[in-house]
Amino acid sequence: MTGHRFRAMECSWKAVLLLVVASLTIQYTAIRTFIAKPFTICRVPKHTGCGPGPSASCEPQRRAVSHILILATTRSGSSFIGQLLNQHSDIFYLFEPLYHVQTTLGAAGGGSRGRPSSSTSAAGRRLLLGAYRDLLRGLFECRLHELEAYIKPAPEQHRTQRLFRRGASKALCSPPVCAPATWTPRPPPGPGVRASDGEDDGEGPPSERWEEGECVRRCGALNLTEASRACILRPHVAIKTVRIPAIGDLRALVEDPRLNLKVIQLVRDPRGILSSRIDTFPDSFRAWKIWRNSGRRPYNLDASHLSATCQDFLQSVGTGLDRPGWLKGRYMLVRYEDLAREPERKTREMYRFLGVAMDTNVRRWIVRNTRGPGASGNHKFATVRDSAATAEGWRFRLSYDMVELVQSLCNLTLAQLGYRLVNSPEELRNTSVSLAEDRTFLPFL
Ligand SMILES: *[C@@H]1O[C@H](CO)[C@@H](O)[C@H](O)[C@H]1NC(C)=O
Ligand SMILES: *[C@@H]1O[C@H](CO)[C@@H](O)[C@H](O)[C@H]1NC(C)=O
Ligand SMILES: *[C@@H]1O[C@H](CO)[C@@H](O)[C@H](O)[C@H]1NC(C)=O
């Protein structure tokens with residue numbers, strides 16, 4: 001009896017000390033990140049009680065202090081910016097989880113590639129966006145089970161083989177979710193592998209897509225309970241999506257006191273987006289491809305996707321640059337061209353905005369993947385190697401007529417984002433002048 005009481009006292013004494021240490025740590029974190037809401041959960045031991053020995057019985061369990069959303073569109077470089085977060089060892093990153101909602105509810109409200117389009121009924125649009133927000137909230141709070149309602153076939157015993165692009169998430173391919181590597185990497189296949197059209201976003205170069213496949217083969221079914229635990233153990237959660245049109249659609253999440261949401265909106269020159277989409281989605285962009293190859297504009301050309309992208313940018317960036325109170329400290333605009341031009345500086349700016357210290361994994365990844373030929377490392381990120389030139393590579397792939405059409409459809413967006421218009425084929429091809437004007441978009445702090 002006395003022994004028991006003594007143990008209990010010792011336990012509470014230790015617990016108090018730990019709480020003091022923990023609260024100091026938390027205060028420090030809070031000051032560092034200007035966030036006042038993180039808290040700890042004292043994990044109560046189930047059977048062992050508070051015995052002598054290592055103080056593991058009351059170890060503070062960290063909760064996410066930042067919820068990061070990459071708001072992007074297809075072919076705007078979102079896979080690249082996602083990697084800058086995925087590589088960080090304190091960040092739990094998910095690549096496009098809303099894909100599953102789209103495939104389930106898509107008939108009700110999905111426009112092209114899951115973005116509610118203008119032709120979608122208002123009710124369908126509201127439904128889809130509401131479902132997107134609900135799932136995002138759950139995932140930011142590490143309830144990965146909330147995905148189960150949308151995954152087909154339905155997971156059994158919380159295990160699934162079908163999480164979309166699971167391999168693009170480092171946390172889901174490493175311990176404790178997946179056993180340590182006991183495999184020898186085979187050399188990736190040559191450049192013949194093409195991103196597929198249709199279902200996915202076609203993001204990521206062949207070498208990375210190959211690594212993703214290896215993860216899926218090696219790790220087997222994903223246990224969503226374990227994935228949720230791995231999420232809780234990392235202080236920050238980041239999610240990338242191309243399925244939400246504008247920052248205004250996220251207002252309910254931004255204002256949700258349970259979250260600490262920070263949104264990085266990634267934009268790119270719509271002329272570059274078009275060029276990249278034609279290469280990546282040959283089926284949907286057949287008419288455009290014909291135009292590009294033959295020089296003759298097909299009568300059935302559908303430019304609605306492009307107008308929609310430009311309208312979404314205009315609206316969303318407009319909201320962001322207006323700096324409404326609810327976005328204070330929560331919105332940053334990044335142009336892909338700036339990221340490609342100065343990846344390290346831009347990445348540092350992003351991390352400063354997020355209030356997260358950059359780690360060496362991220363630095364190393366940038367060096368390995370954005371320097372020109374001659375840099376060490378096997379897996380080059382083909383789309384950003386010699387990245388500044390690649391970002392404007394569309395200037396040689398689109399005809400002047402096509403560029404003119406985009407410029408007339410997207411003139412306001414181009415002006416808003418600081419993309420220069422060209423007025424002649426010569427100007428289009430003359431790369432001594434960049435078409436991305438020097439513009440500084442400071443985060444709204
Ligand atoms: C999934 O992981 C949890 C936690 O590790 C474990 O308790 C459960 O048995 C696992 N489920 C299956 C089906 O293996
Ligand atoms: C953009 O185009 C619209 C209609 O095509 C035109 O009315 C407007 O003046 C143009 N704006 C700019 C900034 O060029
Ligand atoms: C390209 O543009 C630069 C700057 O406007 C100009 O000086 C140069 O003559 C141009 N080159 C060609 C080949 O047109």
Side-chain angles (χ1 to χ4, degrees), residues 41-48 56-57 59-64 89 92-94 97 100 135 138-164 166-167 169-183 215-235 237 269 271-272 275 337-338 340-341 386 388-404 407 414-415 418-439:
I41 298 168
C42 188
R43 198 186 293 151
V44 181
K46 275 200 189 106
H47 311 295
T48 52
S57 53
E59 110 197 11
Q61 195 173 329
R62 288 178 300 173
R63 295 288 302 149
S89 44
F92 184 87
Y93 174 71
L94 290 173
H100 293 289
L135 182 61
L139 295 176
F140 279 131
E141 298 190 319
C142 294
R143 295 190 300 270
L144 270 73
H145 295 117
E146 292 187 14
L147 271 166
E148 290 187 24
Y150 299 108
I151 296 178
K152 289 178 202 156
E156 284 174 29
Q157 296 182 302
H158 311 299
R159 282 160 56 94
T160 179
Q161 303 266 11
R162 294 298 180 86
L163 182 71
F164 180 60
R166 175 234 180 126
S169 169
K170 206 173 167 184
L172 297 183
C173 297
S174 41
V177 178
C178 177
T182 53
W183 56 298
C215 163
V216 171
R217 275 190 290 283
R218 182 165 54 89
C219 301
L222 177 68
N223 180 332
L224 288 164
T225 308
E226 278 175 359
S228 299
R229 289 188 181 174
C231 173
I232 289 169
L233 289 174
R234 298 200 180 204
V237 181
D269 190 323
R271 295 165 293 190
S275 172
E337 292 78 8
D338 295 329
R341 209 179 280 163
D386 196 13
T390 312
E392 291 201 45
W394 60 268
R395 295 173 70 175
F396 295 95
R397 289 197 294 274
L398 293 184
S399 68
Y400 180 67
D401 291 350
M402 298 171 92
V403 169
E404 253 191 330
Q407 291 183 166
L414 289 162
Y419 296 123
R420 219 172 261 130
L421 304 184
V422 294
N423 297 305
S424 68
E426 293 71 39
E427 217 182 318
L428 173 63
R429 311 280 191 230
N430 182 352
T431 50
S432 63
V433 182
S434 167
L435 296 183
E437 289 166 9
D438 283 332
R439 283 277 181 100

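For ligands, and for the atoms within them, numbers begin at 1 and follow the listed sequence. We use all heavy atoms of the structure for the numbers below, so side chains are in, but hydrogens, waters and symmetry mates are not.
Across every non-hydrogen atom of W394 and S275, the tightest pair is CB-CB, 3.5 Å.
At a heavy-atom distance under 4.0 Å, no atom of H158 approaches ligand 1.
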Run R395 and D269 through side chain to side chain contact (heavy atoms under 4.5 Å, CB included) and show every step you take. CA-CA 11 Å; R395 295 173 70 175; D269 190 323; over 6 Å; no
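Listed as neighbours of ligand 3 are N430, S432, V433, each bearing a heavy atom under 4.0 Å from the ligand.
Within 6.0 Å of CZ on R143 lie more than 12 heavy atoms contributed by other residues, nucleotides or ligands.
Cysteines C178 and C219 place their SG atoms closer than 2.5 Å to one another. Distance check for C231 and C142: the SG atoms are under the 2.5 Å cut-off.
No N or O atom of T225 sits closer than 3.5 Å to an N or O atom of ligand 1.
Side-chain polar atoms of Q161 and R166 form no donor-acceptor pair below 3.5 angstrom.
Below 4.0 Å from some heavy atom of E226 lie the following atoms of ligand 1, by number and element: 2 (O), 4 (C), 5 (O).
Counting heavy atoms from C-beta outward, L139 and V237 have side chains that stay 4.5 Å or more apart.
Within the 3.5 Å criterion, the main-chain N or O of F164 finds a donor-acceptor partner in the side chain of H100.
Contact analysis puts R229 in contact with ligand 1, with a non-hydrogen atom separation below 4.0 angstrom.
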